[in-house]
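Below, chain A is the first sequence line, B the second, and so on; all start at residue 1.
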Protein chains: 2
Amino acid sequence: MGVIRKTKSVEALLNEFNQGQEAISAKQLIEQLDSKFNKTTIYRVLDRLEEDGVLHSFLGKDGLKWYAKCNGCSASKHKDVHPHFQCLKCGKVDCLSINMPIPHIPNRKVEVSQILIQGLCEQCFV
Amino acid sequence: MGVIRKTKSVEALLNEFNQGQEAISAKQLIEQLDSKFNKTTIYRVLDRLEEDGVLHSFLGKDGLKWYAKCNGCSASKHKDVHPHFQCLKCGKVDCLSINMPIPHIPNRKVEVSQILIQGLCEQCFV
DNA sequence: AATATAATGCAACTAAGTTGCGATAACAAA
DNA sequence: TTTGTTATCGCAACTTAGTTGCATTATATT
Ligand SMILES: [Mn+2]
Ligand SMILES: [Mn+2]
Ligand SMILES: [Zn+2]
Ligand SMILES: [Zn+2]
């Protein structure tokens, strides 16, 4: 059902994602905000923000859950789909605004695709 | 260091993967072989078979670890990379023998990519 | 201010996967 | 076949990301 009340935790999380464009893992958010909010709260606020189309989530290379800001999504329609990139050196994850078409696969119906590219990011790639 | 002794558990696991071509999750293998082997053993044998290039692993949509047979890989070289397909209805996962080139990404060095396509499989897609 | 209920904190829980260690069983040498 | 080495196994205890139930608190509405 998404966010209904503008609480401290909602504001704090939105603030984290407004620091930059890169993705943040739930784990990292819990560590950063440990003194201010319970981890249950953080998980629940992230859920609600995702429902609203404010954030989207995906799994990183170790199966951890990552979140990033959505562009042009709403509660009714999540249209901002794209590959993600995880740096093998510094661990940073971000959204790639490139289009990767899924080729036709015989006898199968493709619904979603999640693409995680790994390598060296802009900072780590000399 | 891979498999050195041909034990019962190694044989049993290889047998599971020789029933067909589709991927099997560690979880599923543990359930199936529960009466015969300890889960620790299963995780460890899977590790070793992967080291040998007999199996390869990847994460499914829920972050569970899946394994499938390798084609033409060895302990020294894992060359069998490809996308995977997970059926949203029956849960089945298999390897796709299609080539999906990763486009060039400015200022980044691409090392690996994992692609998980989700939809309806051959059996579930009427 | 009073009310309704969304949201929070806490503790307990779940479940996939890992670790340490003593016991067992491959396998090769004798 | 017997023996010795050690890879492998089973077990129990652990780790950790994420979830759940419930009593309490805080936000928004009247
Ligand atoms: Mn993204
Ligand atoms: Mn595969
Ligand atoms: Zn980096
Ligand atoms: Zn199916």
Side-chain angles (χ1 to χ4, degrees), chain A residues 1-17 23-68 75 84 86 91 93 114 116, chain B residues 1-17 23-68 75 84 86 91 93 114 116:
Chain A
M1 195 191 173
V3 169
I4 292 181
R5 295 179 182 176
K6 198 90 175 197
T7 59
K8 305 255 169 69
S9 56
V10 169
E11 280 186 77
L13 281 172
L14 288 177
N15 185 52
E16 291 293 323
F17 287 97
I24 318 178
S25 67
K27 185 188 175 185
Q28 195 179 325
L29 287 165
I30 288 165
E31 285 165 5
Q32 274 170 31
L33 300 172
D34 185 46
S35 61
K36 297 192 174 168
F37 305 101
N38 187 273
K39 68 171 176 174
T40 311
T41 301
I42 292 174
Y43 281 119
R44 292 198 272 224
V45 171
L46 289 171
D47 275 353
R48 277 181 262 143
L49 290 173
E50 185 169 20
E51 269 190 82
D52 288 341
V54 175
L55 300 179
H56 61 277
S57 72
F58 54 94
L59 301 182
K61 71 180 173 72
D62 305 307
L64 289 201
K65 206 164 184 184
W66 290 74
Y67 287 86
H84 294 97
Q86 183 158 24
V93 175
Q114 44 177 266
L116 182 68
Chain B
M1 196 191 176
V3 170
I4 291 181
R5 295 179 182 176
K6 198 93 176 189
T7 59
K8 304 256 169 67
S9 56
V10 169
E11 279 186 78
L13 281 173
L14 287 177
N15 186 52
E16 291 294 323
F17 286 98
I24 318 178
S25 67
K27 186 189 175 180
Q28 195 180 325
L29 287 165
I30 288 165
E31 284 165 5
Q32 276 170 31
L33 301 172
D34 185 46
S35 60
K36 298 192 174 168
F37 306 100
N38 187 274
K39 68 171 176 173
T40 311
T41 301
I42 293 175
Y43 281 119
R44 292 198 271 223
V45 172
L46 289 171
D47 275 353
R48 276 183 263 142
L49 290 173
E50 186 169 21
E51 268 189 83
D52 288 340
V54 175
L55 300 178
H56 61 277
S57 72
F58 54 94
L59 300 182
K61 72 182 174 72
D62 305 307
L64 290 200
K65 206 165 183 183
W66 290 74
Y67 287 86
H84 294 97
Q86 183 158 24
V93 175
Q114 43 177 269
L116 182 68

His56(A) and His84(A): CA distance, side-chain angles, deciding distance, side chain to side chain contact (heavy atoms under 4.5 Å, CB included) verdict = CA-CA 12 Å; His56(A) 61 277; His84(A) 294 97; 3.4 Å; yes
Whole Å only: how far is the [atom1] atom of [X] from the [atom2] atom of [N]?
X        : N       : atom1 : atom2 : answer
Lys27(B) : dA16(C) : NZ    : C1'   : 9 Å
Glu31(A) : dT16(D) : CD    : C1'   : 12 Å
Leu64(A) : dG17(C) : CG    : P     : 13 Å
Phe37(B) : dA25(C) : CZ    : P     : 12 Å
Ile30(B) : dA16(C) : CD1   : C1'   : 8 Å
Ile42(B) : dG10(D) : CD1   : P     : 9 Å
Lys36(B) : dT24(C) : NZ    : P     : 21 Å
Leu46(B) : dA16(C) : CG    : C1'   : 13 Å

Taking atom types as they are modelled, is there a donor-acceptor pair under 3.5 Å from the base of dG18(D) to the side chain of Arg44(A)?
->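 Between dG18(D) and Arg44(A), which were checked side chain against base, a qualifying N/O pair under 3.5 Å is absent.
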Could you walk me through whether Leu59(A) and Leu116(A) pass the side chain to side chain contact (heavy atoms under 4.5 Å, CB included) check?
-> CA-CA 8 Å; Leu59(A) 301 182; Leu116(A) 182 68; over 6 Å; no
Which nucleotide wins on minimum distance to the side chain of [X], given the candidates [options]?
X        : options                  : answer
Asn38(B) : dC11(D), dT8(D), dC22(D) : dC11(D)
Tyr43(A) : dA28(D), dT8(D), dT19(D) : dT19(D)
Ile4(B)  : dA7(C), dA17(D), dT8(D)  : dT8(D)
Lys65(A) : dG18(D), dT8(D), dC10(C) : dG18(D)
Thr7(A)  : dA16(C), dT8(D), dT27(D) : dT27(D)

So, does [X] get its side chain near the phosphate of [N], meaning an N or O under 4.0 Å from OP1 or OP2?
X        : N       : answer
Lys8(B)  : dA26(C) : yes
Thr41(B) : dG10(D) : yes
Arg5(A)  : dA26(D) : no

5'-most contact on DNA chain D: Thr40(B) or Val10(B), nearest heavy atom basis?
->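 Nearest-nucleotide comparison on DNA chain D picks Val10(B).
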In a check of side chain to side chain contact (heavy atoms under 4.5 Å, CB included) between Val45(A) and each of Leu55(A), Leu13(A), Leu29(A), Thr40(A), which one passes?
->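 Only match with Val45(A) under side chain to side chain contact (heavy atoms under 4.5 Å, CB included): Leu13(A).
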Test log, rule side chain to side chain contact (heavy atoms under 4.5 Å, CB included), inputs Gln114(B) and Phe58(B) = CA-CA 8 Å; Gln114(B) 43 177 269; Phe58(B) 54 94; 6.0 Å; no
Check against side chain to side chain contact (heavy atoms under 4.5 Å, CB included), Lys65(A) and Leu46(A) = CA-CA 11 Å; Lys65(A) 206 164 184 184; Leu46(A) 289 171; over 6 Å; no
Classify the nucleic acid contact of Lys39(B) as base, sugar-phosphate or nothing, counting any heavy atom under 4.0 Å across all strands shown.
->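 Base contact.
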